[in-house]
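Here the structure is a predicted model, which means the values were calculated and not measured. Indexing begins at 1, ligand by ligand and atom by atom, following the structure's order. The first residue of the sequence shown is numbered 1, and numbering continues consecutively from there. Just so it is clear, the values below take in all heavy atoms, side chains as well, and ignore hydrogens, waters and symmetry mates.
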Amino acid sequence: MSPKVAVLMGSPSDAEKMARAGEYLTRFGIEHETHVMSAHRSPAEVSAFAEGARRAGFAAIICGAGLAAHLAGVVAAHTTLPVIGVPLSGGISDGLDALLSTVQMPRGIPVATVGVDNSGNAALLAVAIIAVNDTDLATQLDEFRAAGAR
Ligand code: RP5
């Protein structure tokens with residue numbers, strides 16, 4: 001089974017900002033699933049998904065959330081798969097709140113955090129993680145860089 005990537009977001013209102021992740025994953029031929037689930041509104045669903053993700057064949061989990069952005073941190077608490085957090089803009093500080101909520105994890109439970117709204121970079125990190133054991137994919141990444149990384 002080739003490794004899959006999960007793209008999670010806290011609300012349907014995040015979909016537009018998270019779309020680039022799916023676009024890049026498709027471009028690199030990575031199977032992926034997108035789900036809306038919230039650390040606050042559907043915590044049981046989030047923990048069940050994270051706990052089963054390795055068994056389900058996922059290699060990395062991308063989590064986008066805004067405001068009190070706890071989705072990536074909660075997912076990371078329930079799995080040792082790589083978790084990539086995408087803080088989303090909005091709210092009183094237009095994403096700074098989400099950035100700090102996502103990146104300021106306690107020692108021992110890391111979340112690899114990309115820039116505000118940068119779901120594309122989250123996907124590229126997931127591709128790079130999978131490419132560690134996939135030379136063809138690593139070549140595709142090299143070609144993407146050589147072509148200007150767009
Ligand atoms: C977060 O709250 C979501 O990730 C979203 O970015 C933000 C607002 O969500 P809605 O109130 O629009 O559903 O949990």
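- Between the side chain of Lys4 and the main chain of Ala60, no donor-acceptor pair closer than 3.5 Å is present.
- Around atom CD of Glu51, more than 12 heavy atoms belonging to other residues, nucleotides or ligands sit under 6.0 Å away.
- Distances below 4.0 Å separate heavy atoms of Arg41 from the following atoms of ligand 1: 9 (O), 10 (P), 11 (O), 13 (O).
- For the side-chain contact (heavy atoms from CB on, under 4.5 Å) with Val86, the lone residue among Ile62, Asp14, Val116, Leu8 that qualifies is Ile62.
- Ligand-side atoms of ligand 1 in range of Ala65: 4 (O), range being under 4.0 angstrom from any heavy atom.
- Of the listed options Asp14, Val86, Val36, Leu67, Asp14 places a heavy atom closest to atom 6 (O) of ligand 1.
- Looking at atom 12 (O) of ligand 1, its nearest protein heavy atom turns out to be Ser13 OG, 2.8 Å.
- Side-chain contact between His32 and Thr26: present, with at least one pair of heavy atoms (C-beta onward) separated by less than 4.5 Å.
- Among all protein heavy atoms, the one lying closest to atom 14 (O) of ligand 1 is Gly66 O, 4.2 Å.
- Across every non-hydrogen atom of Leu71 and Gly64, the tightest pair is CD2-O, 3.8 Å.
- In terms of protein heavy-atom proximity, atom 10 (P) of ligand 1 is nearest to Ser11 OG, 3.4 Å.
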